[in-house]
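What you see is a predicted model; the values in this text were computed from it and never measured. Naming convention: chains lettered A, B, ... in sequence-line order (proteins, then strands); numbering from 1 in each chain.
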Amino acid sequence: MSSRGGKQKKGNVTSEQEEEEQPLQAVLVADSFNRRFFPISKDQPRALLPLGNVAMIDYTLEFLTSTGVQETFVFCCWMSNKIKDHLLKSKWCRPTSPNVVHIITSDLYRSLGDVLRDVDAKNLVRNDFILVYGDVVSNIDVSQALQEHRHRRKVDKNISVMTMVFKESSPGHKSRCEEDDVIVAMDSKSKRVLHYQKTQGLKKLQFPMNIFQHGSDEFEIRHDLLDCHISICSPQVAELFTDNFDYQTRNDFVRGILVNEEILGNQIHLYVTQDGYGARVSNLQMYDSVSSDMVRRWVYPLTPEANFTDQQGQGCTHSRHNVYRGAEVSLGHGSQMEENVLIGRDTSIGANCHISNSVIGNNCTIGDNVVLDRAHMWNNVHISSNVEIHQSVVCDGAVVKEAVHLNKQCVLAYNVVIGPNLSLPDGTVVSMHHPEEEEEDDDDEFLSDDQEVGHSKDKTRQKAFQLEVLGTLQRGLEENIVCDNLVLEINSLKYAYNITLKEVMQILTRVVLEYPFQQQGTQLTTLQYTGSLLPTWSPVFKNYIKRAQDHLDCLSAVEELFLEQDTHQTAMVKVLMKMYQLEILEEEAILKWFSTGATNDKSRQLRKNQGVSTTLQSLYITARKALCGERDCFPVRRTSVCGTVRPVQTPGLNTEVFLSSSAPEVYPVVERSRG
Amino acid sequence: MPGADKEADLTERIEAFLADLKRGGCGTGPIRGSGETARETTALLRKVTAQARWSSAGDLMEIIRKEGRRMTAAQPSETTVGNMVLRVLKIIREEYARSRGSSEETDQQESLHKLLTSGGLSEENFRQHFVHLKANVIEAINELLTELDGTTDNIAMQALEHIHSNEVIMTVGRSRTVEAFLKDAARKRKFHVIVAECAPFCQGHEMATNLSKASIETTVIADAAIFAVMSRVNKVIIGTQTVLANGGLRAVNGTHTVALAARHHSTPLIVCAPMFKLSPQFPNEEDTFHKFVSPHEVLPFTEGEILSKVNVHCPVFDYVPPELITLFISNIGGNAPSYIYRLMSELYHPEDHDL
């Protein structure tokens, strides 16, 4: 008791020096908010993936603790329970830990921005804090950076909001991540960031003029920096994220601050270190290089044999050529561990194996004559004889049978069984999960860039939008709202759901055409159906259907709907007629659609439908009459249609490129027009 | 519950010390000198003795052993920690024997006869309870601490016996003991010191700066020039990280080069090593013997492409065999390497050698 009382007294006495005395806090984001590690991260959150047989989050926590952080907030979203369990079992949650770890979980975090907004809402940080991801591996001593940051804040009255820690490493370094390649312009003296730009995929870089006119004598433009993803933030950062709800990532934030510098007067600074090691495991490429750096002792003292997580039985010995062996490792006759090899405990290796630059987890069994080079094998992996693995990741519980050959950049996800006698080509990803969710490019997972992350999200968005539109139209009908207002409402919905104009139109068409079915069920006769089609909404359509392409899109939506509603195919003719009469669709567009659009049997059948073609013929005749004066125009238009290769997009169906000139004998009406 | 509070405080202290040990030594060797580590370890062990719950010497020894194992595991290259644990264990044994009133324990002579008759000193002998044991042990540990405080001075005091006027002395890297030794001699005598810089950490630069501040004529040479310069040198005086049980050294990288060059030119090699650096370890225990740190100093991380093509290693220690050493100067006087075994048996109890 006495000591506790003493502490309290001390707290009161030193309240004037509170700024110095307050414990250093850190915010650790244990979620990546992307799918770079996709099939693997489905089973295990990224922060818990083993790097050198230790979960990545442990490296980050050790880094924070060794820099003197006394309170860490760990934010988890994806598989938060697993992270929580891991942390509760680890040394960080022991009562003696100098770093108090609070775990905050929520399924609602979608980005770094959400996390920081929550930090602000919960009022967690009181002072400058360190912001890191749960996959940062570092031994940088940030106390110097912290000191500089505090000094700047004291001198300049809180103008500087953030200090980013960068490590010097020249281009071409293998630990440089292409995704994070940045070019930074900074003031040489004050280390203030003037310009910040990601260079990925850019051939030309543009610098705003104002960086040259900033009045400082010297500034540097640097491309030799490696982003460690460690930032020292002032509490204002969290507030700024709240104020600007569109900030998602730190990149958004930095750019926002720089753009608004003159208005808000906030600045960002840089701390460039030459010593130490810091990198974020942001994709499998980085995983490979960070892991090899770790085994090569660049992250000393965070080396495998140090057992910094203080777990029983995790210790290993280090011998020449960076060979690390855990307890109870057995090695068969004639097997060689060349260099940079880490073998976890209870792993047994057969005879005549050749292992180099690899990490092998706990409880693995490896057969005879196996060649492993740059392989990352996690726990409980079983490998039979005569297997060759190059630069690949093999996750927990995987079984590789006889004579399997894994070429570069393969990934075997959790519990995969593969073989025997198989050779996987470069960049193969094998996972137990159904591929419908993994529409991402499986070819180069190591450099993976999945742009299609949002695909499935898109679908749900469209669905939600459709429901909203339906509701709006229904309400419009019930309350007799003017069409202009409906248009206005739909437009605002369009922005709210981030829907393109094309999608709006397709969905709108769909909603209107489905409306009668929903009201009266599917047992509707054709006559009733067409009768109930509401001409009241035609202004709404007209508002959206303007360009020629819009007409085609609208038609394809109509087609799609009627393909689904088999029983009412006959009604389509009526619908088309109606739309034509209401001047929603032009006859040219209808003709064009008819001549080009047939992509599969069903739609072809639909076109063959007697009613449709006859209507169209009559349509055409009217059109021809109208165009009588300008006969020559037609062939010109025709070539423009037929000569181009263009994708025919039918939402929901297979998308394929369709060469329109090879369309089924273009179409009798056209032939007749010649004659 | 003052007891529980105290215990929590104690474990907290131990954890902090362990974490310090683990993180200690980013490249240039420990931030603290090994003397300081020794003092801290001993102070911590005194705290354990004072605050842990034990009723007999056996219990206490068990506790100390347990903590000692953890401490040595935290940083195996820091042998001073283990040495201090052994010293404390020995103190407990002696105090227990004194309390029992037998002089048997103080009789250190190992003999075949004794081995046969005693049947091994089993732990049950330490089960007896003595009221004053705790106070006595703490008193003895305090004495040990005083001894530790005085080691550097004791060694430096002998400087005048070894360094004569106008001699050329060579040393390698930086050792606090050697620095004090040379400075002490410089008060009376004039001599020249050549410092090998000891790349890649170049602690030699710091050493040279400190020596020249004490107005000693100092020259810094590259490690590659050691052999060339050796012919001019009258004496080599070095420090060490550990003195091994066979009289060999585990010293900073480059020491072996110096020792071999000295042997070639028949230059005497003197090692300044306080007693707490004497370790019961032999040089064949491979895994704890080496220490490799981040290769950053050898080839900076900023280098770029070359790093992915080469392997870079940065070992910290050299092994110097006892044949190359002329004399050890410790706080209790000068000794030849062949005498180390005797010092060992005086300092540590043979049963404690492996914790």
**Q** Taking everything shown except Glu328(A) itself, do over 12 heavy atoms lie less than 6.0 Å from its CD?
**A**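 It does not: Glu328(A) CD has 12 such atoms or fewer within range.
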**Q** Counting only heavy atoms closer than 4.5 Å, note whether Asn139(A) contacts chain B via side chain, backbone, both or neither.
**A**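 Neither part.
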**Q** Got a sec, which residues hit salt bridge (charged side-chain N to carboxylate O under 4.0 Å, His left out) with Asp181(A), two or more places apart in sequence or on another chain?
**A**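 Arg176(A).
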**Q** Does Arg345(A) CZ have over 12 foreign heavy atoms under 6.0 Å away?
**A**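 Above 12, so yes.
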**Q** Would you please test Arg296(A) and Val312(B) for side chain to side chain contact (heavy atoms under 4.5 Å, CB included) and show each step?
**A** CA-CA 8 Å; Arg296(A) 282 162 214 240; Val312(B) 195; over 6 Å; no
**Q** What is the distance from atom OG of Ser170(A) to atom CG of Leu307(B), rounded to the nearest 0.5 Å?
**A**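 With rounding to 0.5 Å, OG (Ser170(A)) is 8.0 Å from CG (Leu307(B)).
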**Q** For His256(B), which residues count as a ring-ring contact (aromatic ring centres under 6.0 Å, His included) partner, sequence neighbours excluded?
**A**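 Listed in chain order: nothing, the list is empty.
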**Q** Is chain B contacted by the side chain of Leu226(A), its backbone, both, or neither, given a heavy-atom distance below 4.5 Å?
**A**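 When you check distances to chain B, only side chain atoms of Leu226(A) fall under 4.5 Å.
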**Q** I need the residue from Asp224(A), Asp275(A), Asn307(A) with the largest number of non-hydrogen atom pairs under 4.5 Å to chain B.
**A**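 Maximum pair count with chain B is reached by Asp275(A).
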**Q** Measuring from Phe301(B):CZ to Trp298(A):CH2, what's the distance to the nearest 0.5 Å?
**A**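 Rounded to the nearest 0.5 Å, the CZ-CH2 separation comes to 6.5 Å.
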**Q** In sequence, state the C-alpha distance, the side-chain angles, and the governing distance for Asn311(B) and His321(A), and then conclude on side chain to side chain contact (heavy atoms under 4.5 Å, CB included).
**A** CA-CA 9 Å; Asn311(B) 273 321; His321(A) 305 298; over 6 Å; no
**Q** Counting only heavy atoms closer than 4.5 Å, note whether His296(B) contacts chain A via side chain, backbone, both or neither.
**A**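 The answer is both parts of His296(B).
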**Q** Got a sec: does the CG of Leu88(A) have more than 12 other heavy atoms crowding it under 6.0 Å?
**A**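 Buried by this count: over 12 neighbours within 6.0 Å.
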**Q** With chain B as the partner, which of Arg94(A), Glu62(A), Lys91(A) has the greatest number of non-hydrogen pairs under 4.5 Å?
**A**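 Of Arg94(A), Glu62(A), Lys91(A), Glu62(A) has the most heavy-atom pairs under 4.5 Å with chain B.
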**Q** How about Glu305(A) and Phe292(B): do any of their side-chain heavy atoms sit closer than 4.5 Å?
**A**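 Answer no - side chains too far apart.
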